[in-house]
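Structure first, then comments.
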Amino acid sequence: MNIQRSFLSEKTGVLYLVATPIGNLDDISVRCLETLRSVDVIACEDTRQTRKLLNHFQIDKRTVSYHEHNKEASGSGLLQWLEEGRQIALVSDAGLPAISDPGADLVRDAVAAGFPVVPIPGANAALTALIASGLPTDRFVFCGFLPRENKDRRKELERLRYYPETLLFYEAPHRIAKTLEAIREEWGDRRAVLARELTKRYEEFARGRLDELIQHLKENEPRGEYCLIVEGFTQDSEKNPDEEQWWMHVTIVEHVDRYCDQGFSKKEAIKLAADDRGVSKRDVYNEYHREYPQ
């Protein structure tokens with residue numbers, strides 16, 4: 001058990017987790033600014049990005065990089081500084097640090113070493129998008145970024161498919177269309193919201209069903225980082241059995257080949273095709289190998 005009394009610790013080394021604005025700089029809190037001014041060093045996901053923020057608020061403070069590609073070496077150095085009694089602020093490029101970034105690893109190690117880890121809360125993109133989405137907010141699940149590989153993404157969507165809670169995702173502009181199509185294919189045409197440029201001049205919420213959002217992106221080039229909010233599973237959101245599926249107009253061989261193209265092994269692809277069509281794996285196997293004899 002680890003009990004932390006944040007402001008009664010005998011250790012002088014403290015790791016502060018400082019939220020930074022997700023767009024509008026006026027969203028930063030007085031406490032965040034005071035903390036950034038008071039610490040010995042600021043660990044940044046991107047020092048250039050954080051320097052812009054510091055310059056805006058006229059904060060002259062040493063920064064060091066801490067990101068996915070240097071987290072082991074940089075993390076060891078930060079822990080050593082904590083041991084020497086220094087106070088460190090950890091920030092991400094925007095929003096709360098340690099959410100979908102390696103900051104969580106540093107927090108884990110600092111806690112394990114007995115250093116106080118003090119949150120300085122503020123803006124968060126996922127929650128900002130959720131509260132304005134119009135979808136249920138009483139229960140929700142933050143899912144971060146979906147896997148990039150088709151096979152891994154499908155498995156994750158299968159795992160999340162029956163979650164009744166509202167589901168929150170982050171996605172990059174060059175992948176958002178593919179992500180929407182993958183969710184639509186796995187979960188049916190649920191209600192969803194695309195939020196981008198939050199708190200900025202061009203803030204936008206696109207609310208509708210997945211099909212409508214997919215069409216929206218075809219007509220409007222994706223720009224900026226996205227928060228995607230999708231309603232959870234309900235009986236009404238289950239796929240309509242009469243709904244036309246993508247595989248209805250392809251042969252069994254083409255059906256299997258499509259899954260193979262997505263990264264599945266031939267054995268897995270045959271099983272998935274059989275599940276889709278409600279037939280036995282043997283029937284699909286035999287049909288497939290009539291076209292491609294072993």
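What you see is a predicted model, and the numbers here were worked out from it, not measured in a lab. Counting from 1, the numbers follow the sequence of the chain as shown.
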Starting at [atom1] of [X], measure out to [atom2] of [Y] and round the result to the nearest 0.5 Å.
X      : Y      : atom1 : atom2 : answer
His67  : Asp93  : NE2   : CG    : 10.5 Å
Glu181 : Ile176 : CD    : CD1   : 10.5 Å
Phe169 : Ser100 : CZ    : OG    : 11.5 Å
His255 : Arg277 : NE2   : CZ    : 5.5 Å
Leu25  : Lys52  : CG    : NZ    : 11.0 Å
Arg190 : Asp211 : CZ    : CG    : 13.5 Å

If you define the side chain from C-beta out and look only at heavy atoms, does anything of [X] sit under 4.5 Å from [Y]?
X      : Y      : value
Ile252 : Asp283 : no
Arg154 : Phe264 : yes
Arg159 : Glu156 : yes
Val118 : Leu15  : no
Val91  : Tyr66  : no
Pro21  : Leu53  : yes
Leu194 : Phe205 : no
Pro173 : Arg223 : no

- Given Glu203 and Arg196, is the salt bridge (Lys or Arg N to Asp or Glu O under 4.0 Å) satisfied, shown in steps? CA-CA 6 Å; Glu203 177 180 277; Arg196 69 181 188 89; over 6 Å; no
- Message: Determine whether Glu68 and Asp101 satisfy the following criterion, side chain to side chain contact (heavy atoms under 4.5 Å, CB included), listing intermediate values before the conclusion.
- Response: CA-CA 7 Å; Glu68 183 63 34; Asp101 68 44; over 6 Å; no
Out of curiosity, does [Y] fall in the hydrophobic cluster containing [X] (side-chain heavy atoms, cut-off under 4.5 Å, transitive links)?
X      : Y      : answer
Val107 : Leu78  : yes
Val193 : Leu180 : no
Leu228 : Tyr202 : no
Tyr226 : Leu167 : yes
Ile229 : Ile22  : yes

How about [X] and [Y]: does a side-chain donor come under 3.5 Å of a side-chain acceptor?
X      : Y      : result
Asp257 : Tyr288 : yes
Asp46  : Ser65  : no
Glu219 : Gln215 : yes

- Query: Run the salt bridge (Lys or Arg N to Asp or Glu O under 4.0 Å) check on Lys155 and Glu158 step by step: do they pass?
  - Reply: CA-CA 5 Å; Lys155 286 182 177 178; Glu158 286 179 346; over 6 Å; no
Distance-only, no hydrogens or angles: does the [X] side chain make a donor-acceptor pair with backbone N or O of [Y] under 3.5 Å?
X      : Y      : answer
Gln4   : Val117 : yes
Asn124 : Leu127 : yes
Trp187 : Leu157 : yes

- Message: Check this for me: does any side-chain nitrogen of one of Lys266 and Glu268 sit under 4.0 Å from a carboxylate oxygen of the other?
- Response: no
- Task: Show your working on side chain to side chain contact (heavy atoms under 4.5 Å, CB included) between Leu106 and Leu90 and close with a plain yes or no.
- Result: CA-CA 9 Å; Leu106 182 60; Leu90 175 68; 4.3 Å; yes
Determine the minimum heavy-atom distance between [X] and [Y], stating which atoms define it.
X      : Y      : answer
Cys143 : Leu160 : SG-CD1, 3.9 Å
Leu198 : Ala125 : CD1-O, 3.5 Å
Thr20  : Ala94  : OG1-CA, 3.5 Å
Ala129 : Ala195 : CB-CB, 3.8 Å
Ala98  : Gly103 : CB-C, 3.7 Å
Lys71  : Pro102 : CD-CB, 3.7 Å

Within 6.0 Å of [atom1] in [X], more than 12 heavy atoms from elsewhere:
X      : atom1 : result
Asp60  : CG    : no
Arg148 : CZ    : no
Lys151 : NZ    : yes
His69  : NE2   : no

- Message: Which residue is it: Ser29, Cys32, Pro121? I am looking for the one with a side-chain contact (heavy atoms from CB on, under 4.5 Å) to Val18.
- Response: Cys32
- Message: Is the distance from the ring center of Tyr170 to that of Phe142 below 6.0 Å?
- Response: yes
- Test side chain to side chain donor-acceptor pair (under 3.5 Å) applied to Asn24 - qualifying residues, sequence neighbours left out: none
Pairs of donor and acceptor atoms involving the side chains of residues 33-43, under 3.5 Å and at least two apart or interchain, shall be tabulated with distances.
unit_1, atom_1, unit_2, atom_2, d
Thr35, OG1, Arg31, O, 2.8
Arg37, NH2, Phe57, O, 3.2
Ser38, OG, Glu34, O, 3.2
Ser38, OG, Thr35, O, 3.0
Asp40, OD2, Gln87, N, 2.7

- Message: Could you go through Glu84 and Arg86, starting from their C-alpha distance and side-chain angles, then the distance that decides it, and tell me whether this counts as salt bridge (Lys or Arg N to Asp or Glu O under 4.0 Å)?
- Response: CA-CA 6 Å; Glu84 295 170 2; Arg86 300 194 195 188; 3.6 Å; yes
- Query: Among Lys178, Arg153, Arg258, which residue meets the salt bridge (Lys or Arg N to Asp or Glu O under 4.0 Å) test with Glu185?
  - Reply: Arg258
- Query: Yes or no on side chain to side chain contact (heavy atoms under 4.5 Å, CB included) for Trp81 and Ile88, after CA distance, side-chain angles and deciding distance?
  - Reply: CA-CA 8 Å; Trp81 282 347; Ile88 299 172; 4.0 Å; yes
- Message: Between Thr179 and Phe145, is the side chain to side chain contact (heavy atoms under 4.5 Å, CB included) condition met? List the steps.
- Response: CA-CA 10 Å; Thr179 294; Phe145 292 90; over 6 Å; no
- Output, in order, the C-alpha distance, side-chain angles, deciding distance and verdict of salt bridge (Lys or Arg N to Asp or Glu O under 4.0 Å) for Arg191 and Glu231. CA-CA 6 Å; Arg191 292 187 299 157; Glu231 74 173 341; 3.2 Å; yes
Using distance only, find each side-chain donor-acceptor pair of residues 132-140 under 3.5 Å and give its atom names and separation, not counting sequence neighbours.
unit_1, atom_1, unit_2, atom_2, d
Ser133, OG, Leu130, O, 2.7
Ser133, OG, Leu135, N, 3.1

